[in-house]
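Take a look at the structure below.
Because only heavy atoms are used, hydrogens play no part in the values below, and waters and symmetry mates are left out as well, while side chains stay in.
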Amino acid sequence: NPDLPLALVVLDLVLLAGGRFEEAIAAGKRAVDLDPLYNFASVMLSVSYYDAGQFDNAIEQSRNSLEIEPGNVLAHMELAAACAAAGQRETALAECEKALALSRGEAFIRLQTATIYAVMGESGKVRTILEEAEKNWKPDGVSSFWIAAAHACLKEKDAAFEWLEKAFQEHAAFLVYLKAKLYLRQNLQEDPRFDALAKRIGIPD
């Protein structure tokens, strides 16, 4: 069924993992066009826009998602990330606070906000989140990846790769996006350990 929105969202995510950004965006846009109120499709399209470096489109799409569902935590997170990358500092900070409040301090969301704070140079906030996360860390298949991402955004490569290795040992699902996530590409791609890890994961060149 070429008009099945869920299938198109999954295709968006698979193409994104392979670094095929324009194709991912096309699939995501098709899903949104078919079902404009399907908010999962809308949020995932904003993710693809962000990782493709299309920050204005990511901002617009995140705002569309919030019109559909004002309390969507991931939409607030994506809006914060895109605004931070676009230099809209105050909006990014406000959206981080909204996401944290809505999620009631969920560890996964706190670690995602850490990457956004790092992009904005809010190193004190990042350190607070990282210290708590690392102190309470358990192999859950999620947190290691995002701890690594926060270290990468702080340009702490050794710590980032240490935590990526932990994520690898846990078979963390997020690792399929190693070469897709913008903040990992920007901060780690030039290091030979990056491509070596991608090959171990099985991500194609």
Side-chain angles (χ1 to χ4, degrees), residues 5 9 12-13 16 24-25 28-29 31-32 35-137 140-154 172-174 177 180-184 186-187:
V9 175
D12 176 358
L13 295 173
L16 180 64
I25 289 168
K29 288 173 69 175
V32 170
D35 189 350
L37 297 181
Y38 182 26
N39 211 21
F40 179 55
S42 181
V43 174
M44 291 304 102
L45 177 56
S46 67
V47 171
S48 294
Y49 278 135
Y50 175 84
D51 285 325
Q54 298 182 25
F55 304 130
D56 289 344
N57 287 336
I59 290 170
E60 180 181 1
Q61 195 62 47
S62 297
R63 293 195 186 281
N64 290 344
S65 298
L66 290 170
E67 286 183 12
I68 299 168
E69 186 183 351
N72 189 293
V73 175
L74 292 180
H76 283 291
M77 290 296 308
E78 291 306 319
L79 179 55
C83 285
Q88 299 179 25
R89 182 184 182 83
E90 294 305 315
T91 301
L93 288 170
E95 291 300 319
C96 282
E97 292 303 314
K98 289 176 185 177
L100 289 169
L102 287 165
S103 70
R104 300 179 182 178
E106 182 182 342
F108 167 59
I109 299 299
R110 283 178 60 78
L111 284 167
Q112 281 197 281
T113 62
T115 65
I116 299 168
Y117 287 141
V119 169
M120 293 186 288
E122 295 280 347
S123 58
K125 291 182 178 181
V126 183
R127 295 289 178 209
T128 299
I129 294 171
L130 278 176
E131 286 174 11
E132 178 188 2
E134 292 178 8
K135 178 181 177 181
N136 298 317
W137 176 79
D140 58 9
V142 176
S143 57
S144 296
F145 177 87
W146 291 103
I147 291 171
H151 280 294
C153 291
L154 289 173
F174 278 109
Y177 296 103
K181 303 312 291 180
L182 181 64
Y183 36 76
L184 295 180
Q186 286 179 328
N187 295 297

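Here the straight-line distance linking atom CE of M44 with atom CG of L74 works out to 6.0 Å at 0.5 Å rounding. Atom-to-atom distance recorded for L66:CG and R63:CZ is 8.0 Å, nearest 0.5 angstrom. Between atom SG of residue C83 and atom CD of residue E90 there is a gap of 11.0 Å, rounded to the nearest 0.5 Å. Note that the OH atom of Y38 and the CD1 atom of I68 stand 11.5 Å from one another [nearest 0.5 Å]. In this structure, CG in N39 is found 10.5 Å from CD in E67, a value given to the nearest 0.5 Å. With rounding to the nearest 0.5 angstrom, the CG atom of L16 is 5.0 Å from the CG atom of D51.
Closest approach of A84 and A92 over heavy atoms only: N-CB, 3.6 Å. Nearest approach of V126 to A150, heavy atoms of both residues: CG1-CB, 4.5 Å. Residue L184 comes nearest to A152 through the heavy atom pair CD2-CB, 3.9 Å, listed as atom of the first residue, atom of the second, then distance. Closest non-hydrogen pair, A75 versus S62, comes out as O-CB, 3.9 Å. Summarising the geometry of A58 relative to S46, their closest heavy-atom pair is CB-O, 3.7 Å, with the distance given to 0.1 Å.
L111 has its side chain out of reach of I109: every pair of non-hydrogen atoms, C-beta onward, lies at least 4.5 Å apart. I116 is not listed as a side-chain neighbour of L93, based on a closest heavy-atom distance of 4.5 Å or more. Residues M77 and V43 form no side-chain contact, since every pair of their non-hydrogen atoms from C-beta on lies 4.5 Å or further apart. Contact of the Y49 side chain with the K29 side chain is registered, since non-hydrogen atoms from C-beta on lie closer than 4.5 Å.
Between the side chain of R110 and the backbone N or O of I129, no donor-acceptor pair lies under 3.5 Å. Looking at H76, its side chain does come within 3.5 Å of a backbone N or O of P70 through a donor-acceptor pair.
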### Query
Would K181 and V47 count as a side chain to side chain contact (heavy atoms under 4.5 Å, CB included) if you check the C-alpha gap in whole Å, the side-chain angles of each, and the deciding distance to 0.1 Å?
CA-CA 9 Å; K181 303 312 291 180; V47 171; 3.8 Å; yes
Report task. Check step by step if salt bridge (Lys or Arg N to Asp or Glu O under 4.0 Å) holds for E95 and K98. Result -> CA-CA 5 Å; E95 291 300 319; K98 289 176 185 177; 3.2 Å; yes
The test is side chain to side chain contact (heavy atoms under 4.5 Å, CB included); show your working for L154 and R127 and say whether it passes. CA-CA 10 Å; L154 289 173; R127 295 289 178 209; 3.6 Å; yes
(request) Show your reasoning for whether side chain to side chain contact (heavy atoms under 4.5 Å, CB included) applies to V73 and E106. (result) CA-CA 11 Å; V73 175; E106 182 182 342; over 6 Å; no
Please evaluate residues Q61 and Q54 with respect to the criterion side chain to side chain contact (heavy atoms under 4.5 Å, CB included), reporting the C-alpha separation (whole Å), side-chain torsions for both, the decisive distance (0.1 Å), and the verdict. CA-CA 11 Å; Q61 195 62 47; Q54 298 182 25; over 6 Å; no
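Relative ring orientation between F108 and W146 is described as perpendicular, the plane-to-plane angle rising above 60° on a 0-90° scale split at 30° and 60°.
Side chains of D12 and S48: a donor-acceptor N/O pair is present below 3.5 angstrom, by distance only.
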